[in-house]
Amino acid sequence: MMNERVSRTSTARPDAGALLAWYDRHHRDLPWRVSPPMAKQGVLPDPYHIWLSEVMLQQTTVQAVKAYFDKFVRRWPTVNDLAAAPVEDVMAAWAGLGYYARARNLKKCADAVASDHGGIFPDTEDGLRALPGVGDYTSAAIAAIAFNRPSAVMDANVERVISRLYAIDAPLPGAKPQMKARVAEMTPADRPGDFAQAMMDLGATTCTPKRPSCVLCPFREACVALLADDPERFPVKAPKKAKPVRQGAVFVAVSSKGRMLLRRRPDKGLLGGMTEVPTTDWTARIDGASGSDAAPFAADWQPKGTVIHVFTHFELRLSVYLAVDIAETDDRGWWAPLETLADQALPTVMKKAIEAAIPHVFRVPKG
DNA sequence: GAGCCGTGGTA
DNA sequence: TTACCAAGGCT
């Protein structure tokens with residue numbers, strides 16, 4: 001034919017079938033997932049497992065989530081078990097995973113499902129979207145994966161795949177609606193749950209941010225960014241702001257009975273509802289060390305160096321002080337035996353500070 | 001819409 | 001080392 005108007009300015013249409021075939025061969029085996037052969041026989045996963053994993057996976061890597069998912073399911077096998085648990089236990093179990101509002105909302109959501117829905121998760125996107133901690137992405141993901149509904153599921157992986165497939169120049173997050181419309185038109189009525197998981201697996205393992213493995217991609221003949229030989233240019237994002245530096249001091253007090261003074265942070269805000277050692281406010285950096293004059297009480301505070309911890313929107317430099325053989329008179333918190341520190345709801349920054357004051361204290365054996 | 005909200009892995 | 005990024009939601 002004479003239809004040689006350039007080799008191929010137009011590309012093949014993205015084929016959901018090709019992606020599903022790729023998924024059948026290259027899917028990841030994950031603890032909460034039903035494998036493709038089972039899924040094709042109509043086996044659906046436990047909605048509780050999918051909900052729990054999806055909340056844990058928000059802005060968090062699969063690698064980090066696996067151990068926490070196993071721990072939660074072992075300890076609370078059903079959503080009713082989680083609803084019956086004290087929120088303090090849930091926060092302590094979540095400690096280290098970050099974004100602690102997720103843990104508070106996880107508990108609220110479990111309570112709502114147990115109380116208002118008889119322990120049964122809603123099976124529609126709108127019904128799920130009304131639950132605490134379940135937003136646009138998570139409601140669509142649960143509806144698709146746990147209930148096989150044809151929801152348009154779009155996370156950061158899918159955004160990357162779609163932005164490259166169509167070479168979308170508009171920057172995120174403004175381009176989200178445009179991208180989601182593309183996802184919706186691609187989502188098949190058959191196997192929508194596997195399709196959603198396939199898109200995310202593809203983004204995580206093949207259509208990676210750097211050096212994507214385009215030669216292995218089921219969309220390689222349709223991808224406009226690859227045709228232009230520059231997949232790494234997408235997705236386009238707004239530039240990020242520099243992180244300011246804040247500083248403060250923390251005070252690790254150990255009593256003559258071998259217990260450490262701990263407190264509970266306010267429910268709202270940074271590390272909300274989590275456990276801390278007494279600390280100053282974390283303020284914009286000032287010249288000169290903050291010193292031990294801001295300690296919760298007078299004692300022989302010994303400087304134990306500085307801990308640097310990077311949060312999402314600022315870097316924190318904490319001066320660590322230690323005092324020992326203290327009388328347990330401070331009642332603005334509780335005195336915890338050192339061998340129980342591992343059971344406390346201590347976020348990572350606090351564990352780092354405590355470890356700086358007392359090396360290896362988290363390995364003090366019980367009994 | 002934009003800022004807030006953790007942590008650990010990777011290049 | 002620095003920078004980027006991860007199955008986002010809430011206000």
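Because the structure is a prediction, the values reported are computed rather than measured. Numbers restart at 1 for each chain; the letters A, B, ... are given by sequence-line order, proteins then strands.
Atom CG in Leu346(A) sits roughly 15 Å away from atom C1' in dT7(B) (whole-Å rounding). Rounded to an integer number of Å, the gap from CZ of Phe69(A) to P of dA6(C) is 22 Å. In this structure, Lys210(A) atom NZ and dA3(C) atom P are separated by 13 Å, rounded to whole Å. Protein atom OH of Tyr99(A) is 11 Å distant from nucleotide atom P of dA6(C), rounded to whole Å. Following rounding to the nearest Å, Gln59(A) (CD) and dC4(C) (C1') show an atom-to-atom distance of 12 Å. Rounding to whole angstrom units, CH2 of residue Trp282(A) and C1' of dC4(B) are separated by 14 Å. Straight-line distance from the NZ atom of Lys66(A) to the P atom of dG8(B): 18 Å, rounded to whole Å. Between Phe195(A) atom CZ and dA7(C) atom C1' there is a gap of 15 Å when expressed in whole angstrom units.
Residues Arg265(A) and Thr275(A) form no side-chain contact, since every pair of their non-hydrogen atoms from C-beta on lies 4.5 Å or further apart. Side-chain contact between Phe314(A) and Trp282(A) is present, with at least one heavy-atom pair separated by less than 4.5 Å.
Side-chain N or O atoms of Thr78(A) include one that pairs as donor or acceptor with a backbone N or O of Asp81(A) at under 3.5 Å. Looking at Gln302(A), its side chain never comes within 3.5 Å of a backbone N or O of Ala323(A) through a donor-acceptor pair. Tyr321(A) places no side-chain N or O within 3.5 Å of a backbone atom of Gly305(A) that could act as its donor or acceptor partner.
Using a 4.0 Å heavy-atom criterion, one finds that Gly174(A) contacts no nucleic acid atom at all. Residue contacts for Val65(A): at a heavy-atom cut-off of 4.0 Å it reaches no nucleic acid atom on any strand shown. No contact: Pro173(A) has no heavy atom under 4.0 Å from any strand. When heavy atoms are screened at a 4.0 angstrom cut-off, Leu97(A) is found touching base atoms of the nucleic acid. Looking at heavy-atom distances under 4.0 Å, Gly203(A) makes no contact with the nucleic acid at all. Nucleic acid contact class of Lys241(A) (heavy atoms, under 4.0 Å, all strands): sugar-phosphate only.
Place Arg211(A) and Phe311(A) on DNA chain B by their nearest nucleotides, and Phe311(A) ends up nearer the 5' end.
Checked for salt-bridge contact, Asp29(A) and Arg33(A) miss the test: no charged N lies under 4.0 Å from a carboxylate O. Ion pairing between Asp267(A) and Arg104(A) fails under the 4.0 Å rule for side-chain N and carboxylate O.
Figure legend: cation-pi geometry between Arg182(A) and Tyr166(A), with NZ or CZ positioned under 6.0 Å from the six-membered ring centre and within 45° of its axis.
Residues of residues 143-161 of chain A having a heavy atom closer than 4.0 Å to DNA chain C, listed by number: Asp155(A), Ala156(A), Asn157(A), Arg160(A). Remark: Trp32(A), Arg33(A), Glu54(A), Leu57(A), Gln58(A) in residues 32-58 of chain A come within less than 4.0 Å of DNA chain C through at least one heavy atom.
Judged by atom type and distance alone, Thr61(A) does not reach the base of dG9(B) through any side-chain donor-acceptor pair under 3.5 Å.
An OP1 or OP2 oxygen of dA7(C) is reached within less than 4.0 angstrom by no side-chain nitrogen or oxygen of Thr60(A). Phosphate proximity of dC4(B) to His313(A): absent, as no side-chain N or O sits under 4.0 Å from OP1 or OP2. The phosphate of dT7(B) has OP1 or OP2 within less than 4.0 Å of a side-chain N or O from Thr348(A). Residue His309(A) has no polar side-chain atom (N or O) positioned under 4.0 Å from OP1 or OP2 of dG6(B).
Checked by atom type, the side-chain pair Asn157(A)/Glu159(A) shows no donor-acceptor distance below 3.5 Å.
When ring centroids are compared, Tyr68(A) and Trp94(A) stay outside the 6.0 Å threshold.
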